[in-house]
There are 2 protein chains.
Amino acid sequence: MVAASDDDSPDDGHTRSDKGSQPNVSTGMLSAVMEDYIKTIYAIESDSDGRVSTSALADHLEVTAPTVSSMLKKLEERGLVDREEYKGVTLTEEGELVALEIIRHHRLLEAFLTEQLDYDWADIHDEADRLEHHVSEELTDRIAEALGNPPVDPHGDPIPDADLSFPKESETIRLADADEGGRVTVRRIRHQGDAELRYLADAGVRPEVELTVVDVAPFGMVTVETPAGEQSLPEEIAQLIEVAPAAAADGVEV
Amino acid sequence: MVAASDDDSPDDGHTRSDKGSQPNVSTGMLSAVMEDYIKTIYAIESDSDGRVSTSALADHLEVTAPTVSSMLKKLEERGLVDREEYKGVTLTEEGELVALEIIRHHRLLEAFLTEQLDYDWADIHDEADRLEHHVSEELTDRIAEALGNPPVDPHGDPIPDADLSFPKESETIRLADADEGGRVTVRRIRHQGDAELRYLADAGVRPEVELTVVDVAPFGMVTVETPAGEQSLPEEIAQLIEVAPAAAADGVEV
DNA sequence: ACCCTCAATTAGCCTTGTCTAATTCTCAAT
DNA sequence: ATTGAGAATTAGACAAGGCTAATTGAGGGT
């Protein structure tokens with residue numbers, strides 16, 4: 001009964017055949033590790049234009065440069081990145097699709113964890129990071145449906161559609177650049193680690209919340225009035241918060 | 001295990017002092033593969049008393065016997081199995097706890113997929129098999145809570161509590177042993193592959209459904225009246241169905 | 001132009017989990 | 001008691017991902 005013809009387990013990146021021990025090279029079926037590289041290349045590409053360097057990847061992925069170097073060669077062979085020796089890589093079209101797929105998984109998982117399972121907004125990253133590589137497209141789509149195909153995740157980051165295109169984003173400015181006395185709605189919180197998220201969650205600053213900008217100090221410290229009270233935010237933090245004028249964004253719909 | 005470290009010559013005490021490698025040894029971090037071995041050992045142990053043989057594991061896991069052999073040594077080192085050379089293994093207490101944890105993950109995931117995401121009852125196995133190794137205890141417990149801590153999964157298999165003890169099970173008999181003309185409620189469907197589940201799902205036979213046993217043929221073919229009509233089930237299938245008298249099991253409580 | 005530094009790559013080894021081929025052990029049948 | 005079949009284990013390889021040490025390339029400063 002080993003017959004199993006369509007036994008697809010995209011799960012571990014091991015050889016899937018019976019006897020022939022034929023490497024799964026061809027297309028499809030990336031290992032979780034490769035997916036992480038692709039996702040990270042995409043992320044770095046997104047906010048620092050140009051090629052992505054070996055060392056930048058090594059930093060983000062917390063592995064050594066030689067490890068990255070050899071993986072980049074494999075990704076190049078798979079046609080997922082364009083590589084120029086000693087210069088770094090960029091994602092190919094196909095690589096970008098893979099990245100978007102993973103981002104879709106990740107953000108929908110985050111939305112699901114917060115909305116259906118009552119997870120704390122600032123505490124969902126690790127769970128989603130692990131799960132994103134193991135949920136099927138089927139499950140992803142069902143989650144999306146259960147949530148009503150949300151355009152953004154709990155941090156306000158846009159969620160690619162099933163066809164992997166981003167929904168239209170609303171216009172935003174940095175909280176650090178807002179006018180004193182202005183009334184704004186938090187739209188998105190950019191983030192890398194968990195520390196800032198924790199900080200903001202505790203301060204009651206999260207997407208959908210309306211703020212009044214009380215004061216912008218000379219060196220960037222921003223004081224805002226939240227529903228929970230007044231909060232002072234260091235500039236580094238204020239830079240991560242994207243807001244829209246509260247008036248223009250009336251209601252809940254966008 | 002090959003040449004370097006994994007020889008089990010009686011008097012080869014050290015060799016294990018490598019500095020560079022971070023031994024995840026101590027308890028806690030098992031690989032997904034190891035978890036699969038543990039889970040499978042538990043499953044085989046459950047319905048065929050005694051030690052679990054290398055070849056039985058090789059069959060179930062679809063790997064070769066030498067692969068199993070070397071893995072069993074590792075599991076023994078981790079204290080998860082008791083191993084007797086050439087005789088097979090049994091789970092230690094600790095190994096059993098690991099197994100129960102995985103079973104809890106698996107069955108709660110199955111329940112969640114069917115109840116909250118509208119998955120087809122017979123189609124959840126693969127998804128749960130992949131995910132069970134990657135969901136945290138936190139997530140597992142939240143899922144359990146969201147479902148109201150169900151005692152059984154969609155196949156009627158009992159779900160271990162958070163403390164890993166099984167809930168009390170209701171008394172059942174095999175459908176194949178039921179009296180002709182009797183009225184019964186389906187309690188549980190035992191299964192290994194997906195084929196029988198598909199068969200039964202299509203026949204409208206699933207847990208909670210009430211059946212009337214129309215006929216039990218000499219060689220085991222059982223004919224039942226389901227809400228959807230009359231169905232004839234081969235003996236192999238009827239043996240997988242556990243039922244309780246519909247009268248005795250009135251309501252939902254037991 | 002020439003160095004010197006630092007990033008990137010190559011070389012070589014490790015650990016997991018898997019495989020095939022060869023060997024060894026067990027046990028039931030003679 | 002012996003033996004032979006079949007199960008289990010050992011031996012040796014391999015692919016994936018990782019690491020350290022050594023080497024090579026790219027560029028900026030003088």
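Chain letters run A, B, ... following the sequence lines, proteins first and then strands; every chain starts at 1.
For the OP1/OP2 pair of D/dA8 and a distance below 4.0 Å, the side-chain nitrogens and oxygens of B/Arg51 include no atom meeting the criterion. Taking side-chain N and O atoms only, B/Thr64 has a distance below 4.0 Å to OP1 or OP2 of C/dC19. For A/Thr67 and D/dG18, the shortest distance from a side-chain N or O to OP1 or OP2 is not below 4.0 Å. Contact between the side-chain N/O atoms of A/Lys73 and the OP1/OP2 oxygens of C/dT10 is found at a separation under 4.0 Å. The side chain of A/Ser53 contributes no N or O atom lying less than 4.0 Å from OP1 or OP2 of C/dA7. Considering only side-chain N and O atoms, B/Tyr86 lies nowhere under 4.0 angstrom from the phosphate OP1 or OP2 of D/dT10. The phosphate of C/dG17 (OP1 or OP2) has no side-chain N or O of B/Ser70 nearer than 4.0 angstrom.
Screening residues 92-117 of chain A for ring-ring contact (aromatic ring centres under 6.0 Å, His included), with sequence neighbours left out, gives A/His106-A/His125, A/Phe112-B/Phe112.
No hydrogens or angles considered: nothing links the side chains of A/Thr90 and A/Glu45 as a donor-acceptor pair under 3.5 Å. Between the side chains of B/Glu196 and B/His191, no donor-acceptor pair of N or O atoms lies under 3.5 Å. No side-chain donor from either of B/Tyr42 and B/Glu96 sits under 3.5 Å from a side-chain acceptor of the other.
Rounded to an integer number of Å, the gap from B/Met29 CE to C/dT15 P is 15 Å. Atom CD of B/Glu35 and atom C1' of C/dT16 are 15 Å apart (whole Å). Rounded to an integer number of Å, the gap from CD1 of A/Ile38 to P of D/dG17 is 12 Å. One atom, CG of B/Leu72, and another, C1' of C/dT16, lie 15 Å apart when rounded to the nearest Å. In this structure, NZ of B/Lys74 is placed 14 Å from P of D/dT9, rounded to the nearest angstrom. Atoms CE (A/Met34) and P (D/dG18) sit 10 Å apart, rounded to a whole Å. Remark: C1' of D/dA15 and CE of A/Met71 are 12 Å apart, rounded to the nearest angstrom. What separates CG of A/Asp59 from P of C/dC6 is a distance of 15 Å, to the nearest Å.
With C/dA11, D/dT10, D/dG27 as the candidates, the nucleotide lying closest to the side chain of A/Lys87 is D/dG27. The side chain of B/Ser69 approaches D/dA8 more closely than any other nucleotide in the set C/dT26, D/dT20, D/dA8.
Here the closest heavy-atom approach between residue B/Thr67 and residue B/Tyr37 is recorded as CG2-OH, 3.5 Å.
The nearest heavy atom of DNA chain D to A/Val33 and to B/Ala65 marks one nucleotide each, and the one closer to the 5' end goes with B/Ala65.
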